[in-house]
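Heads up: the structure comes next, in structure tokens.
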Amino acid sequence: MTSSFNTCIDQAKNAYKSRLAEDMRAALVEAKDILKQAEQDSEPLEAKEQATYIRLWMLYHGRQKTKEIYSILKQHLTELEDLGLATADDYLQLTRLIDCQPEDFEKIIPLYPENHRLILDLGKYYLHQKDFENAILCFRQVLKCYAGHHLALAWLYQSQQQWLISHCGADLSGFNEANPDKVLSMVHDMADSKLYLELLEKYKGITQATEPKHQIYAATAYARMGQWEEASKLWNALPEDADLPVDGVLIRAEYYNLSRQYSKTITLLSDWVERDQPQNHKIQSLQELLTAWQSDTGITIYQQLKVCILLAKALLQTEKQAEAIQTLEKALALKADDPVVLQEAAKAYFVTGEFEKAIELMKKARRNGLQEKFFLSTMADFYFQSGDWQSTQAVLEEYHKREMPIPQTLYHAGVANYHLGNFQKAYHLLSQCILAGKHDYRASALYYRILLLRANHKFNEAIKDIMQLLPYYSNESADYWHIMLLLGDMAYYLGDYDHAYEYLINVHARVPLKNPHRLYLQMLIHQGHGRGQEQAVDIEKLSESTLIEQPKDATEFVHNANVYQQLGRQKEASTAFEKAAEAGYAPELHYKKAFYAAFEAEDYDRVIRLYEKIQTSNPALFNQDLYSRYAFALFKKGDYNGTIEAYKTLLYTYPAISADEGILMKWGRVITEAYYLAGNYDEAVRHASIMLSKMKQPDEWYIKLLKKIEV
Amino acid sequence: MEQEHLSDEMYWGLSLSALTLQSLGNCNHRSLFGFDGKDENVKAFLKSYLYSIGIFNAKEAKDRLYHYRHDQMHNRMFMEAVHHLDLLSEAEFEAHLDTLETPLEVKRCKIAWLYRHELKETGIRGHEIAQYVMLMRLYGAYGYLEENEIRLRLYDIAGEVRQKFHSWDHYHQNVLAGDQYVKGYEIHDHSSVLISNPLIAAYYSISNSMYQTDSPFFQLNWSEQ
């Protein structure tokens, strides 16, 4: 019998889960018959099983909206009480009904004075009855234990608003009770700062607006609106012994932290960390409970947590990391699953270098209700500060899929992509960050966009950005001179050597330059820039001693190559450039530089070899200038057939050459000679004839060649 | 943006998105689309917002409306969770949390547990309808939807809303709870809520403005005229 009863119960549960009311009813009716039969057989089912059955009926009826629901549920509750198994959850089925009676609350609430769900229902009852003061008490009580109950918050606001309207009229202009103090306190509690200040102005003369209480509230209102200066003025005007309420203390500490007056935060809050929670004494009746709530003005657990968070922030900023962590651990002992405390603790552990612990706490915070956007942005911040660009980028990509980007995420993602070499993406993100208006990340975003543009040789755009960035720095700051250095660097790359010299010499006068910029300046001076002017800076001249004796890496090879070039030692310059390229530093560029230097040094073996390397590093590259020099090197090395082939390739790839008489004349002679020296006299004659036909006056060289061939 | 002439019923329907629209930024409650799609900056913002919720083209835009209209978004998930959780004891609920795979599932489950009595009848349908109406307006501004279609869709949804909710407060509170469930978060510091949570700030502001003569919501009755 028990098993068939349990089957019915399971069927009823499944039907309830699937929201199939009729199936549920059918299963319960069947269970009812079994129960009856069991009683008749004097084999009653266990009380626990009967209670489950009754609860299912309550859930079934709870879905209906008939007038009889109240009495049906009450009947079921009596049955449960008779079984001795009625719980708070069972009473909730009744208290949530709009028809629930005051005597029900009188009976139930003192049984479970800390059950927030029951208190919430009581608040809703009072709100419905337009007893706003009691409704406010109830919702406040719920929020003291469950601050994350947004519905309770909304009902609290609704009750407060209705209370205000009932006292002052819809436009808040009336004074039915002529009790503006109470009205102002209510508006302060509602955290509606704008309205508070408006009313304070309106009630001037009626209330003692200069009283410390109103001054504290007004300061809090200004602070909540972000008008910290106004708030600060009022706070400073307060008497020394003014007793601040908890919310006033918290917001004042917040102000101290924002204005970096950390020692004041520490002084203000250190007494508040250890405040004891009010002890609940035995409550006999609902009225007694309401009176207790009314007089309870102590610190709530959430306020205590905020004290710890603000204090820990101040301690961290004053390098008292161990104390900060200790404070946050105290907060976690109060409420181990609070997501905001967990997040702050993670940040503190991160600062002390305990990365693993920080990540673990962040994951716990996420699991306990931390908003996804805060989780992702904090994790990205951790990775960003650790220089883990790959993870920063991955986390923020996730963030941007779910949330609207904010300046911080755009900046972090932009910089991460810059370091990862995703320049286009980085440019897009940094530009979005810059366009997002005034914020803390704008200057840094501009700086990185400048680096990005510079790396892509878009110097003009970079200079425009520099002009936007300069106002952020004072003329004497290190950042300002760093920007000047960038300007010098870009002018050098652009070949605007006069400006480059000006920028670099000025920067060097304040911040001694390091290589490669030091070398650029030395080279510019070597080339004659600033000659005739009084040398305002102390910098050695370019000489043998400028060379790095044993270059360690590619940049040092480039350094030496540049010095060799300036000293006219092209062959050594070419070797140094080649080594830089071999080390993987912009191989295409440095092989090219080595190639040109070798050509200058007339080392044609090297020219041929380097050309092949350039081709290997970028097979798609075909550069007319490089190729013609390569062909000339082949000619010089006596590879005439190779020269002829190269010439044909050149003509095939650049057909415009045959139309450009200047180039044709220059190359015509080399090719004709190559044919001649290769022994292909017919082609030599043909080329010589073509060349001669294009000349107004025949060139002696061709005439002599033709005569030689004839002989 | 200029004030547009909208019929009472149309204005009532559009106001279903008042909270969500205001939480996005400076909108015009009295206009059909709420935002001026002709302004390039606004258009860029709308594009960015729609991308952030996974809408990249007109087809996806229409699909999303279909899902909201036919209760195929989060409300269904919420209702299933609530009916399941009703049958669990506190200890069974804690054990159930451990079986969930992602942090978001855990957060949503905790919120469903918290609101299972209050929202058993309505679910978070109010939130979904607010999203539905807001998307229509944004689509209109962005060029995905015509005015006439918005009108037809508003008239179509109005009955369901009036049947489920009995006042603007009732409806708006559902929007708040739904947002909390979908995103899985809790606000603990109420003193800074007006800054930290634009949706709750919008609730406070709109709820206040319903009593002010110069407000667009003054005397906007819930029940049919």
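Reminder, nothing fancy here: chain letters follow the sequence lines and each chain counts from 1. These figures come from a predicted structure and were not determined experimentally.
- Contact annotation for B/Glu80: both backbone and side-chain heavy atoms come within less than 4.5 Å of a heavy atom of chain A.
- With hydrogens and angles left out, the side-chain atoms of A/Gln161 and B/Ser207 include a donor and acceptor closer than 3.5 Å.
- Judged by the 6.0 Å and 45° rule, B/Lys43 forms a cation-pi pair with B/Tyr142.
- Between A/His149 and A/Trp155, the two ring planes are tilted [angle within 30° to 60°].
- Here the shortest heavy-atom pairing between A/Tyr196 and A/Ala221 reads CD2-CB, 4.1 Å.
- Interface residue A/Glu403: only backbone heavy atoms are found under 4.5 Å from chain B.
- The aromatic rings of A/His61 and A/Trp57 lie parallel to each other, with less than 30° between the two planes, well short of the 60° mark.
- At a 4.5 Å heavy-atom cutoff, the contact between A/Tyr302 and chain B is made by side-chain atoms alone.
- Residue A/Arg96 touches chain B through its side chain alone, counting heavy-atom pairs closer than 4.5 Å.
- Taking the ring axis of B/Trp12 as reference, the NZ or CZ atom of B/Arg162 stays within 45° of it and closer than 6.0 Å to the ring centre.
- Within the 4.5 angstrom heavy-atom criterion, only side-chain atoms of A/Tyr146, from C-beta onward, approach chain B.
- Looking at A/Asn368, both its backbone and its side chain come within 4.5 Å of chain B, counting heavy atoms on both sides.
- Contacts of A/Leu120 with chain B are made by side-chain atoms alone, with heavy-atom separations under 4.5 Å and no backbone atom involved.
- In this structure, chain B has a heavy atom under 4.5 Å from the side chain of A/Lys306, while its backbone stays farther away.
- For the set A/Val340, A/Leu59, A/Leu56, A/Asp192, the entry with the most heavy-atom pairs within less than 4.5 Å of chain B is A/Leu59.
- Interface residue A/Arg117: only side-chain heavy atoms are found under 4.5 Å from chain B.
- Of the residues considered (A/Thr52, A/Leu370, A/Leu435, A/Thr87), A/Leu370 shows the highest number of contacts with chain B, using heavy-atom pairs under 4.5 Å.
- Classified by interplanar angle (parallel below 30°, tilted 30° to 60°, perpendicular above 60°), the ring pair A/His188/A/Tyr217 is parallel.
- Each of B/Phe78, B/Phe93, B/Tyr181 was scored for a ring pair (Phe, Tyr, Trp, His ring centres under 6.0 Å) with B/Trp113, with one residue passing: B/Phe93.
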